[in-house]
Number of protein chains: 2
Amino acid sequence: MAQAPPADKRRLILDAAIRVFARQGFHATRVSDIADEAGVAYGLVYHYFSSKDEVLNELFIERWSLLLAAIEEADKTAASPRQKLGAVATFIFDSYRHDPELMKVIIVEVTRAANSFGKTHLEQIQRAYESIAKIVADGQESGAFRGDVAPMFASMSFYGAIEQLLSGWIFGTIPASASDFDQARDLLVTTICDGLEPRG
Amino acid sequence: MAQAPPADKRRLILDAAIRVFARQGFHATRVSDIADEAGVAYGLVYHYFSSKDEVLNELFIERWSLLLAAIEEADKTAASPRQKLGAVATFIFDSYRHDPELMKVIIVEVTRAANSFGKTHLEQIQRAYESIAKIVADGQESGAFRGDVAPMFASMSFYGAIEQLLSGWIFGTIPASASDFDQARDLLVTTICDGLEPRG
DNA sequence: CCCTGCCGATTGACTGGTCAATCAACGAAG
DNA sequence: CTTCGTTGATTGACCAGTCAATCGGCAGGG
């Protein structure tokens, strides 16, 4: 048969892992579950990845680098600090809308698992916090934001609020309808930016 | 000898578990680690608890019921919505200051582990979100807060921001000095409440 | 006062099951 | 014939939970 699509088995395995990790959680999934879901043999997972951990690492790095790039981009492109933070929030919410399973895995198994995988990637995660903090600091220098809030505090609060809302949807704490995403994002950004404005 | 202190072994085991869970994380601690840390025999853990899980459950329920009570209390006692939210934040920050290891375990292993233990306690956790949401809703009715933010969104954002700050301290993302706690709490409450006020 | 029997607390060796990781073998393509 | 993607049975480590044995305090009978 003429060269069937290379069916990139590596990608196949990564995508299967997303589904299984999202469904059962990382600890509860056996490597055989990933192989079954991908429709490949057990051993092939170890041909492409050195361990079960590395599969998750790969998924995280792939996505987190996109987030870091998006924050940089927002910082360069958008005009006001408020718009910059809005763009960051939009990127994260859209990431969830576009691939909720992957975002669930990233948040639940890495970002919020600071004792296990989060530890490995602490530096990358922190880089995001710092980039957001930089946006806040610039906003303070331009006078758009009040100066008595440490940028890192504001950054952590901003990101923490976003992640908590996503967690709410992921675990059904908050009912989700399509329009809620945009509305929630606007409210969050508005509320936090209003709170960051110089005292009226 | 007159009645040596009963040396309540059950408590001894719970306190040892806090230390070990905080140090190694729940998954990475073996039941024998808990027993060693407590200075008791392996089997005794199973005399007082039906499983390793139940040890963590017990720790969570103990502390979370205090949080729920503190939120109710804040709602009844404090005058303004702003003061109510301030009291809630104070309780959580003080809990961390008083027993950082326990709070680390609660947050890392339960509250943010929505896939494993969080699932078991989702209802209790949600109860806290709802109580905070009620404070926000009351504030909206009295006109102290603007009405266009869903109370549950505000609640989740508020709690998420607090937890993210605590996580920052727990994992050294944010350097912690004694005064920082109170300052961070004030800034967080001020910023979020300012953001929730009717648009200036 | 001592002895005896009871019962809950305490001990730690052991078992059963689970999985991550290995590896020897296979087959298709060049 | 060699190379390399692919297969899946096997191995070896790990650990939660079990359980039979021991300890120690106390009651109550002699």
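The sequence lines fix the lettering, A, B, ..., with proteins before strands; numbering per chain opens at 1.
Whole-Å rounding puts the A:Q24 CD to C:dC19 C1' distance at 14 Å. Rounded to whole angstrom, the span from the NZ atom of A:K52 across to the P atom of C:dA21 amounts to 8 Å. Rounded to a whole Å, the OH atom of A:Y48 is 10 Å from the P atom of D:dT7. What separates NE2 of B:H27 from P of C:dC19 is a distance of 13 Å, to the nearest Å. Distance B:F26 CZ to D:dC15 P: 13 Å, rounded to the nearest Å. Between A:R10 atom CZ and D:dT6 atom P there is a gap of 13 Å when expressed in whole angstrom units. A straight line from CZ of A:F49 to P of D:dT6 spans 12 Å, rounded to a whole angstrom. Per the geometry, CD1 belonging to B:I34 stands 13 Å off P belonging to D:dC15, to the nearest Å.
Within the 4.0 angstrom heavy-atom criterion, no nucleotide atom of any strand lies near A:S50.
Of the possible polar contacts, one joining the B:Q83 side chain to the B:S80 backbone as a donor-acceptor pair under 3.5 Å is found.
Scored by the side chain to side chain contact (heavy atoms under 4.5 Å, CB included) test, B:V88 finds B:I71, B:A74, B:I92, B:I132, B:I135, B:F158 as partners (sequence neighbours excluded).
Of the candidate nucleotides D:dT6, C:dA13, C:dT10, C:dA13 has the atom nearest to the side chain of B:Y42. The nucleotide whose nearest atom lies closest to any side-chain atom of B:R30 is, among D:dC15, C:dC19, C:dT11, D:dC15.
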| task | Apply salt bridge (charged side-chain N to carboxylate O under 4.0 Å, His left out) to the pair A:R23 and A:E37, showing each step before the final yes or no. | result | CA-CA 11 Å; A:R23 194 188 313 137; A:E37 177 82 20; 3.0 Å; yes
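Here B:H47 reaches the OP1 or OP2 of C:dA9: one of its side-chain N or O atoms lies under 4.0 Å away. In this model, the phosphate group of C:dT10 is approached by a side-chain N or O of B:K9 to a distance below 4.0 Å at OP1 or OP2.
When all heavy atoms are compared, the tightest approach of B:N115 to A:G25 is ND2-CA, 3.5 Å. Contact record, A:P151 with A:V136: CA-CG1, 4.0 Å, taken as the closest heavy-atom pair. Annotation for A:A184 and B:F153: closest pair CB-CE1, 3.5 Å, computed over non-hydrogen atoms.
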Which protein N or O atoms sit under 3.5 Å from an N or O of nucleotides 19-21 of chain D?
none

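Aromatic pair B:F181/B:F93: centroids not less than 6.0 angstrom apart.
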